[in-house]
Structure formats: structure tokens, C-alpha cells
Amino acid sequence: MEYYNVNLFSKSIYLGQSFRRRTQYQRPNRTYNTDTLQHILDWDKLEPGQYVVEESNGRLKTTNYFIQSYLDTWDVQHSDYEFMFPDETFNDGEMKVFGANVTEQNIVAENGIIYALDKVFEPKKSMYENLSSPEYGDKYSGFKRILERFAYLRYNRDELNEETGETEQIYRFVFSTGIENDYLPFNVADENYATNIDGTLAQAWGVISANKRSFRKLFNW
């Protein structure tokens with residue numbers, strides 16, 4: 001059984017947003033070879049070789065929890081939850097963390113409160129990761145390649161690799177957004193969210209993507 005601290009005890013919940021909280025997990029760094037980055041901006045200006053990329057862009061991954069009072073207040077049906085988690089059901093009065101059941105509540109620890117879950121679940125993929133996920137095969141590769149036309153590698157810092165003892169240059173995979181380079185409304189590889197007055201994370205984004213077959217018909221690939 002996994003014990004999971006979801007930091008539930010804010011005195012004032014900002015209604016209207018999901019119950020999303022940061023975990024202490026970040027995706028590990030990933031090494032890219034320039035031969036696999038041919039679709040990004042300024043690829044031809046990169047020195048050939050390998051680049052260590054901080055996959056989480058310095059962000060902590062998040063988790064969502066669901067309680068009956070939230071569902072009731074915002075008229076969220078149990079069927080809505082079950083649509084997101086097809087193998088799960090939500091019964092009156094339950095509490096869920098993603099697709100896991102909370103089996104024990106209010107376990108008092110020295111430095112917080114622990115909630116016990118009945119299963120371990122993997123951190124969810126970002127939208128960018130899902131576009132190349134083995135779960136979908138090569139289905140969205142056309143859309144992914146178009147997005148990568150607005151992406152580039154940005155140097156962030158030097159970091160000691162404790163396994164090798166070598167100092168590495170750490171980069172971040174950035175999509176051109178914002179005032180100066182307003183090509184995309186948000187970074188599809190970033191874990192960032194807006195933050196409300198009580199610390200809940202809000203404003204998750206959504207993407208509608210054509211599949212590879214549709215792109216081939218549209219662009220005659």
C-alpha cells in the first residue's frame with residue numbers, strides 16, 4: 001500500500017477549479033541527440049552531439065483528487081469521473097486520488113497528514129509526451145512535427161552528474177510562446193499551471209490534434 005501526502009488542508013478552497021496539488025516528483029533528465037531534433041527551430045545552428053534536457057522544465061508534477069462535496073457543488077456527475085478513469089467507479093461519499101481509492105484518512109505524521117491509497121499510479125504524461133506515447137503509436141506524429149517547428153533548446157545551467165562525476169550543461173525544451181514569440185498559446189511540454197489564492201493549481205490546457213492519416217491527406221505527405 002502506498003502512503004501519499006496530498007496536502008488537503010487549505011482552509012479556503014477556491015471554488016471553480018479542480019483539486020490539483022503538486023507532488024514532489026519531477027521527470028528525470030533525458031539525453032537527446034541532434035539527429036533526433038531536426039524539426040525544431042534553429043536545428044542547423046546546434047553543435048552536433050548530445051544534449052541533456054530537463055524534461056520537467058523545473059516543474060513539479062501534479063495530481064488530482066476528487067471528493068463528493070466538490071462534485072455536488074459543481075454538478076460533476078459520477079459518470080464524468082468514470083469517463084476519465086474507465087476502470088473505476090465513484091460512489092457517494094468516496095474520495096479518490098486520480099484512479100486510486102483513499103482507504104485511510106487523517107493519519108497524523110510529524111510533519112503533515114497522510115492519506116493511504118489502495119494502488120500505485122504512474123505520473124501522467126504531458127500533452128507533448130502523449131503525442132509520441134507508445135500507447136498511440138505513430139498516430140499523432142504529423143501534428144507533433146508541426147509543433148516542434150516552434151520549439152528550441154535553451155541552456156539553463158551547469159549541473160554535477162553524481163553518477164559520472166562530470167559537470168553537464170542542462171537545457172530545457174521550450175516552445176515559442178509569450179509576448180516576443182507568440183507562435184503558440186502555451187508550452188505543451190511544460191508542467192506549469194496558474195496558481196490560485198489558496199495554492200490550488202488551475203487552468204489546465206487542452207489540445208485537439210488531427211491524426212497522421214488526416215495530415216497526409218491535407219498536406220499530400
Side-chain angles (χ1 to χ4, degrees), residues 6-7 13-30 32 36-43 45-46 51-66 70 74 76 80-81 83-85 98 121-157 170-212 214-215 218-219:
V6 291
N7 188 21
I13 295 298
Y14 186 77
L15 297 178
Q17 307 294 351
S18 65
F19 289 169
R20 181 184 292 114
R21 296 288 183 179
R22 292 187 181 95
T23 68
Q24 295 301 308
Y25 177 76
Q26 289 183 321
R27 288 173 293 171
N29 294 344
R30 177 179 171 184
Y32 287 84
T36 66
L37 299 173
Q38 297 178 7
H39 305 303
I40 70 173
L41 279 172
D42 298 329
W43 168 80
K45 297 179 182 178
L46 291 174
Y51 289 80
V52 180
V53 178
E54 185 180 46
E55 290 279 272
S56 284
N57 283 340
R59 313 293 187 186
L60 295 170
K61 292 189 75 68
T62 63
T63 189
N64 288 68
Y65 58 92
F66 303 84
Y70 176 82
W74 298 101
V76 177
D80 296 323
Y81 174 87
F83 173 81
M84 292 184 285
F85 303 96
F98 267 101
F121 54 87
E122 295 291 331
K124 298 300 179 182
K125 296 181 178 66
S126 69
M127 283 182 285
Y128 179 70
E129 288 175 305
N130 268 302
L131 292 174
S132 55
S133 171
E135 178 181 355
Y136 303 110
D138 202 31
K139 190 174 181 180
Y140 300 109
S141 60
F143 183 70
K144 178 174 177 284
R145 286 175 63 182
I146 289 178
L147 283 178
E148 288 174 339
R149 294 291 183 184
F150 306 101
Y152 58 95
L153 286 183
R154 184 177 67 195
Y155 168 76
N156 183 256
R157 66 186 186 279
I170 306 298
Y171 290 80
R172 287 182 177 176
F173 199 43
V174 179
F175 286 80
S176 296
T177 61
I179 297 175
E180 295 182 359
N181 299 308
D182 195 14
Y183 298 126
L184 297 174
F186 62 95
N187 185 345
V188 294
D190 202 332
E191 305 288 349
N192 197 19
Y193 299 87
T195 304
N196 287 312
I197 54 176
D198 67 340
T200 57
L201 304 177
Q203 296 182 10
W205 301 96
V207 166
I208 298 176
S209 170
N211 61 30
K212 187 175 181 179
S214 300
F215 269 95
L218 180 63
F219 296 108

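Please read these numbers as outputs of a predicted model, since none were measured by experiment.
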Requested in this report: Would you confirm whether Tyr81, through its side chain, and Phe98, through its main-chain N or O, come within 3.5 Å as a donor-acceptor pair?
Outcome: yes
Query raised in the report: Between the main-chain N or O of Ala189 and the side-chain N or O of Ser126, is there a donor-acceptor pair closer than 3.5 Å?
Result: no
Can you see which heavy atom on [X] is nearest to which on [Y], and at what distance?
X	Y	answer
Phe143	Ala210	CB-O, 4.1 Å
Asn156	Glu54	OD1-OE1, 4.4 Å
Val174	Asn187	CA-ND2, 4.0 Å

Supply the atom-to-atom distance [X] [atom1] to [Y] [atom2], rounded to the nearest 0.5 angstrom.
X	Y	atom1	atom2	result
Phe121	Phe85	CZ	CZ	8.5 Å
Leu41	Glu148	CG	CD	10.5 Å
Asp138	Asn211	CG	CG	11.0 Å
Tyr140	Met127	OH	CE	14.0 Å
Arg172	Asn57	CZ	CG	5.5 Å
Arg30	Ser56	CZ	OG	12.5 Å

Does atom [atom1] of [X] have more than 12 heavy-atom neighbours, drawn from other residues, nucleotides or ligands, at distances under 6.0 Å?
X	atom1	result
Arg157	CZ	yes
Lys61	NZ	yes
Tyr155	OH	yes

**Report entry** Within the 6.0 Å centroid threshold, strictly below: Tyr128 and Phe175
**Finding:** yes
Quick one, [X] and [Y] - any side-chain contact, counting heavy atoms below 4.5 Å?
X	Y	answer
Asp42	Tyr152	no
Leu46	Tyr51	yes
Leu131	Val188	no

Report summary line: Those residues at least two apart in sequence (or on a different chain) that pass side chain to side chain contact (heavy atoms under 4.5 Å, CB included) with Lys125 are Glu129, Asn130, Ser133
Query - Test log, rule side chain to side chain contact (heavy atoms under 4.5 Å, CB included), inputs Val76 and Phe66 - result: CA-CA 10 Å; Val76 177; Phe66 303 84; over 6 Å; no
Query raised in the report: Considering residues at least two apart in sequence or located in another chain, which fulfil the ring-ring contact (aromatic ring centres under 6.0 Å, His included) criterion with Phe150?
Result: Tyr183
Query - Pairing residues for Tyr25 by the ring-ring contact (aromatic ring centres under 6.0 Å, His included) criterion, not counting sequence neighbours - result: none
Requested in this report: Check the pair Asn29, Glu55 against side chain to side chain contact (heavy atoms under 4.5 Å, CB included), reporting the backbone distance first and the verdict last.
Outcome: CA-CA 6 Å; Asn29 294 344; Glu55 290 279 272; over 6 Å; no
